[in-house]
*Asks:* 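Please read through the structure below; I'll follow up with questions.
Counting starts at 1 for both ligands and their atoms, in listed order.
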Amino acid sequence: MALSNATQGAIILSAFFLPILTYIYFTRSPQQKNAAGPLPPPTEITALLIHPIKSCHGISVQSAKLLPTGLDLDRQWMWVTYPDYEFLTIRQNSRMTLIRTSYDAKTDTLTVTAPAPNTIDEKLEFSIPAHPSEDWLSSNTESHGAKIWNKWTSSCVYSTDLTAPFNRFFGKEVRLVYKPPFSNDPRTLASNGAKQVLGRDASTCFPDLMPLLVGNESSIDELNTRLKAAENITIDIRRFRPNIIVRGDANAPWDEDRWKTLKITPKSGKGSITLDITQRCARCHVPNVDPDTAEEHKRQPWDTLMKYRRIDEGITFKPCYGMLCVPRETGELKVGMNFEVTEVTDKHRYITGF
Ligand SMILES: *[C@@H]1O[C@H](CO)[C@@H](O)[C@H](O)[C@H]1NC(C)=O
Ligand SMILES: *[C@@H]1O[C@H](CO)[C@@H](O)[C@H](O)[C@H]1NC(C)=O
């Protein structure tokens, strides 16, 4: 039977266009048609945390400047061994969390304190400019490389006139080093932040990997119900040392595992800031340390996390909590700002190596 010209035309047209239309339909809006599911509802920033010295006690702030390298005053300082200049962290010495830093905005000064060994009356203490000028640095510090994860990066070393009392705290000779957030020799991101993966040059000061760590409260709540059942304990989100904490509702914990792009918007609605999520944050034993007492729990939360949070194919031997990000824009972040996930993905995969 001969088909009419019109029918023939229709068959040819649909054979030709149907796959194209189907393709367009499924790829048209990656945000609505994503294997990773629909976008979560907007929420808000509930806390901002900075940790001026790597691995030392953090400070909760109401607002913070976001720089290309991360939050201003976050992990721009670091303790290193002497004479090797290797980074020191809670991983080797949980007592480092007893070193506290306070910031005085009036004088733009950071004061660093620690309990002195073998006494309860004495405190070790020194103060330094929080935003040292190049002149101040060239007359008060020396340049020397510092080693972090087997890689060297340039740094400014403070005089032992200031820091020598802290040798007693560490029980060995140490140095304090500083990495300016704007440096001629930036510490370029590796892993999922490397240029060929991220698509642009980005750097940070002394975080392990990326400029920012974002955490969702409801995931810690869910973890705490497990810890309560296992050992009758609960832990504070600060153990995970995040920078930005957002509120969640308790219905779908660990929603952040699939976040890809984030948008933070001031209450005024003007000047939003975009963050690119590079990867999930794979954890070590640091969250076992209570940041207020430096006591290290023998098992938790590590054992519990290992049971159900080894979820990243790229790093199956470690549990994940929180999402690592690189800012696309800079600006001022404040508690209460609107926080939106604008893109989700099912393609996160951790690239190991620093
Ligand atoms: C759990 O811990 C709380 C507070 O530390 C204590 O009051 C309570 O008796 C404990 N419950 C059990 C079942 O051990
Ligand atoms: C945080 O987690 C909760 C529970 O999983 C979820 O409902 C909420 O949407 C999450 N927040 C964001 C910004 O996705």
*Asks:* Under 3.5 Å, is there a donor-acceptor pair linking the side chains of Lys179 and Thr153?
*Replies:*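 The answer is yes; a qualifying pair exists.
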*Asks:* If you measure from the Lys or Arg side-chain nitrogens to the Asp or Glu carboxylate oxygens, is any gap between Asp276 and Arg200 under 4.0 Å?
*Replies:*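 A salt bridge links Asp276 with Arg200.
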*Asks:* State whether any protein heavy atom lies less than 4.0 Å from atom 4 (C) of ligand 1.
*Replies:*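 Within 4.0 Å of atom 4 (C) of ligand 1, no protein heavy atoms are found.
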*Asks:* Is it true that Asp257 and Arg309 make a salt bridge, defined as a side-chain N closer than 4.0 Å to a carboxylate O?
*Replies:*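 Counted as a salt bridge, because a side-chain N and a carboxylate O are separated by less than 4.0 Å.
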*Asks:* Side-chain donor-acceptor pairs under 3.5 Å in residues 137-144, sequence neighbours left out?
*Replies:*
from: Ser138; atom 1: OG; to: Glu134; atom 2: O; distance (Å): 3.2
from: Ser138; atom 1: OG; to: Asp135; atom 2: O; distance (Å): 3.1
from: Ser139; atom 1: OG; to: Asp135; atom 2: O; distance (Å): 2.8
from: Asn140; atom 1: ND2; to: Trp136; atom 2: O; distance (Å): 2.9
from: Thr141; atom 1: OG1; to: Leu137; atom 2: O; distance (Å): 2.6

*Asks:* Quick one: does atom 14 (O) of ligand 1 have a protein heavy atom under 4.0 Å from it?
*Replies:*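 Given the 4.0 Å limit, the answer for atom 14 (O) of ligand 1 is yes, a protein heavy atom qualifies.
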*Asks:* So for ligand 1, is Asn232 a polar contact partner (N or O within less than 3.5 Å, distance only)?
*Replies:*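 Min N/O separation from ligand 1 is below 3.5 Å for Asn232.
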*Asks:* Strictly less than 4.0 Å: does any protein heavy-atom distance to atom 9 (O) of ligand 1 fall in that range?
*Replies:*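 Within 4.0 Å of atom 9 (O) of ligand 1, no protein heavy atoms are found.
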